[in-house]
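All values reported here derive from a predicted model rather than from experimental measurement. Excluded from the calculations below are hydrogen atoms, water molecules and symmetry mates; all remaining heavy atoms, backbone and side chain alike, are included. All residue numbers in this chain count up from 1 along the given sequence.
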Amino acid sequence: MVAVAVAGPLAMTSEYSSGMIRASLTVVPSRGRLLAAKATAFTAIALAAGLAVSAASSAVGSSILSGAGAHMDLKDPGVLGAVAGGSLFLTISGLLALALGALLRNPVATVGSVFALYVLPIILGPDLGERVSPFEAGSAITRAATETAFSSYLTLLAWTLAIAVAAYAGLKRRDA
């Protein structure tokens with residue numbers, strides 16, 4: 001989670017820090033197309049990495065459980081969904097962080113904001129925090145297929161979409 005929370009913003013903010021955003025916008029003058037290309041490239045990498053991490057976590061968990069006398073397999077109900085959910089959670093969380101980076105254009109401010117969103121449920125408490133915080137809601141995706149997993153996924157997507165729309169609007173209006 002931490003790696004994705006840092007890699008997402010850096011995919012966008014590193015160009016602002018170095019001044020390379022001017023060269024990128026010269027090559028791709030459509031700012032929306034540039035944002036979409038960065039999001040697409042990041043999504044492909046984050047989805048593959050998230051799937052690998054989720055599968056490895058499942059294998060480690062299975063090994064730990066088998067040492068305790070329990071059994072867990074990918075064929076068991078809910079396990080494959082949890083692995084896929086973990087991958088989706090990491091990918092969408094990274095896209096949220098990338099969009100926040102496009103909006104704020106500063107790596108330190110973006111990473112700080114991402115971590116503030118991460119600790120929000122701790123401050124608000126479990127009842128309100130789980131319904132409001134994107135990362136707390138998104139973590140429910142990794143749990144076994146329940147009714148709350150889908151609504152939590154929608155909460156994470158809503159946060160990501162709202163920040164992406166604001167980032168697009170900001171990119172259209174501001175100078176490089």
Excluding sequence neighbours, so at least two apart, what forms side chain to side chain donor-acceptor pair (under 3.5 Å) with Ser24?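 If we apply the side chain to side chain donor-acceptor pair (under 3.5 Å) test to Ser24, skipping adjacent residues, the hits are Glu15.
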
Taking all non-hydrogen atoms of both residues, which atom of [X] and which atom of [Y] are closest, and how far apart?
X      : Y      : result
Leu100 : Ser113 : CD2-CB, 3.6 Å
Val114 : Ala5   : CG1-CB, 3.6 Å
Val4   : Gly94  : CG1-CA, 3.2 Å
Val28  : Arg33  : CG1-CB, 4.1 Å
Phe42  : Leu95  : CE2-N, 3.8 Å

Counting N and O atoms only, with roles assigned by atom type, does the side chain of [X] sit under 3.5 Å from a partner on the main chain of [Y], one being a donor and the other an acceptor?
X     : Y      : answer
Arg31 : Arg173 : no
Thr40 : Ala36  : yes
Lys38 : Met12  : no

Please give the remaining members of the hydrophobic cluster of Ile64, linking ILVMFWY side chains under 4.5 Å, ordered by chain and number.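 Same cluster as Ile64: Val60.
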
Which hydrophobic side chains are connected to Val165, either touching it within the sub-4.5 Å cutoff or through other members that do?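 Besides Val165, the cluster holds Leu161.
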
Residues 45-56, side-chain donor-acceptor partners within the protein, below 3.5 Å, at least two apart:
unit_1	atom_1	unit_2	atom_2	d
Ser54	OG	Gly50	O	3.0
Ser54	OG	Val83	O	3.4
Ser54	OG	Ser87	N	3.2

Let me see the working for Thr13 and Val111 under side-chain contact (heavy atoms from CB on, under 4.5 Å), right down to the final yes or no. CA-CA 10 Å; Thr13 60; Val111 172; over 6 Å; no

Do you know which of Ile92, Thr91, Leu98 makes side-chain contact (heavy atoms from CB on, under 4.5 Å) with Thr43?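 It is Thr91; the other options fail the test.
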
Same cluster or not: are Val27 and Tyr16 linked, directly or through other Ile, Leu, Val, Met, Phe, Trp or Tyr residues, by side-chain heavy atoms under 4.5 angstrom apart?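 In one cluster with Val27: Tyr16, yes.
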
Stepwise, does the side-chain contact (heavy atoms from CB on, under 4.5 Å) test hold for Leu156 with Leu88? CA-CA 10 Å; Leu156 180 61; Leu88 284 175; over 6 Å; no

Strictly by salt bridge (charged side-chain N to carboxylate O under 4.0 Å, His left out), give each pair with a member in residues 109-120 just once, sequence neighbours left out.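 For residues 109-120, and leaving out neighbouring residues, there are no salt bridge (charged side-chain N to carboxylate O under 4.0 Å, His left out) pairs at all.
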
Which pairs count as salt bridge (charged side-chain N to carboxylate O under 4.0 Å, His left out) when at least one residue sits in residues 43-62, sequence neighbours excluded?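 Sorted result for residues 43-62: empty, none.
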
